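Working notes, beginning with the structure itself.
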Amino acid sequence: MKNLSHEDIEQINNMKNYLDSLPPAVNVKKAYCFMITRDEINALLNQKKNGQLLDGLRVYLGANMIEGHAVPNIHVIACEKDEANIYNDFEPESNGLLKNDLPLVAQGKPCPTACGKKSFI
């Protein structure tokens with residue numbers, strides 16, 4: 001891990017500026033960031049249901065397509081580390097859970113709409 005840098009802030013502002021430049025119809029779905037709560041993180045990491053925590057989280061980037069414009073969103077799933085120290089997406093079935101179970105996914109609370117009053121950026 002590292003501390004937030006000026007380059008990070010520039011990249012975040014680049015995305016904000018890009019989203020702000022999209023047509024008005026896109027504003028319904030645009031988000032500058034997504035909040036993932038501790039409860040959501042705990043639920044993701046506790047999916048094995050045997051008292052063992054999963055080893056990490058993977059963030060997949062997705063997009064809503066609106067009037068031909070990609071509006072980013074996220075999908076967060078838990079991962080487990082294998083014997084070779086490789087992080088793999090958690091698969092409930094391979095962990096003795098029900099065959100039809102799919103892993104939990106957190107999509108986060110978008111900002112704007114679910115924003116707090118304070119933000120570092």
Side-chain angles (χ1 to χ4, degrees):
M1 295 219 313
K2 67 180 187 95
N3 290 358
L4 188 68
S5 70
H6 292 290
E7 183 180 351
D8 298 325
I9 293 169
E10 181 180 352
Q11 290 177 13
I12 292 165
N13 284 327
N14 287 342
M15 180 55 81
K16 285 181 176 180
N17 292 335
Y18 166 75
L19 292 169
D20 288 343
S21 74
L22 295 173
V26 176
N27 286 333
V28 176
K29 291 283 185 179
K30 84 174 178 186
Y32 299 129
C33 61
F34 299 88
M35 173 66 190
I36 301 167
T37 66
R38 181 185 313 194
D39 289 341
E40 292 168 317
I41 293 169
N42 287 336
L44 288 167
L45 294 177
N46 282 302
Q47 289 180 82
K48 281 186 154 183
K49 302 185 191 244
N50 65 0
Q52 292 182 342
L53 294 176
L54 290 166
D55 303 303
L57 300 174
R58 179 168 285 133
V59 179
Y60 282 95
L61 301 177
N64 290 304
M65 295 303 296
I66 302 173
E67 295 184 357
H69 298 279
V71 181
N73 56 38
I74 61 167
H75 308 273
V76 183
I77 65 170
C79 297
E80 58 186 337
K81 194 169 16 172
D82 65 18
E83 311 79 41
N85 287 327
I86 304 292
Y87 289 87
N88 300 295
D89 292 351
F90 175 65
E91 296 180 22
E93 185 178 345
S94 66
N95 283 273
L97 299 175
L98 297 177
K99 182 176 182 173
N100 293 330
D101 282 345
L102 292 174
L104 294 176
V105 61
Q107 294 179 308
K109 293 166 182 47
C111 179
T113 66
C115 306
K117 293 180 181 174
K118 291 184 180 180
S119 173
F120 188 76
I121 299 172

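Note that the coordinates shown come from a computational prediction; the quantities given were computed from them, not determined experimentally.
The shortest heavy-atom contact between Ile36 and Ala106 is CG2-CB, 4.4 Å. Taking both residues in full, the closest heavy atoms of Glu91 and Glu80 are given as N-OE2, 4.5 Å, listed atom of the first, atom of the second, then distance. Lys29 approaches Asn64 most closely through the heavy-atom pair CD-ND2, 3.7 Å. Residue Ala31 comes nearest to Phe34 through the heavy atom pair CB-CZ, 3.6 Å, listed as atom of the first residue, atom of the second, then distance. Nearest approach of Glu67 to Pro23, heavy atoms of both residues: OE1-CB, 4.0 Å. Leu44 approaches Val76 most closely through the heavy-atom pair CD2-O, 3.8 Å.
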Please report, to 0.1 Å, the donor-acceptor pairs under 3.5 Å made by any side chain of residues 50-60, with sequence neighbours excluded.
{"from": "Asn50", "atom 1": "OD1", "to": "Gln52", "atom 2": "N", "distance (Å)": "2.9"}
{"from": "Asp55", "atom 1": "OD2", "to": "Lys81", "atom 2": "N", "distance (Å)": "2.6"}
{"from": "Arg58", "atom 1": "NH1", "to": "Asp89", "atom 2": "OD1", "distance (Å)": "2.3"}
{"from": "Arg58", "atom 1": "NH2", "to": "Tyr87", "atom 2": "O", "distance (Å)": "3.0"}
{"from": "Tyr60", "atom 1": "OH", "to": "Asp89", "atom 2": "OD1", "distance (Å)": "3.4"}
{"from": "Tyr60", "atom 1": "OH", "to": "Asp89", "atom 2": "OD2", "distance (Å)": "2.5"}

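Atom CD1 of Ile74 sits about 9.0 Å away from atom SG of Cys33, to the nearest 0.5 Å. Remark: Thr37 OG1 to Lys109 NZ distance equals 4.5 Å, nearest 0.5 Å. Put simply, OG on Ser21 and NZ on Lys30 are 9.0 Å apart, with the number rounded to the nearest 0.5 Å.
A side-chain contact (heavy atoms from CB on, under 4.5 Å) with Glu10 is found for exactly one of Asn14, Ile12, Asp8, namely Asn14.
Using a 4.5 Å heavy-atom cutoff, the side chains of Phe90 and Leu45 are not in contact.
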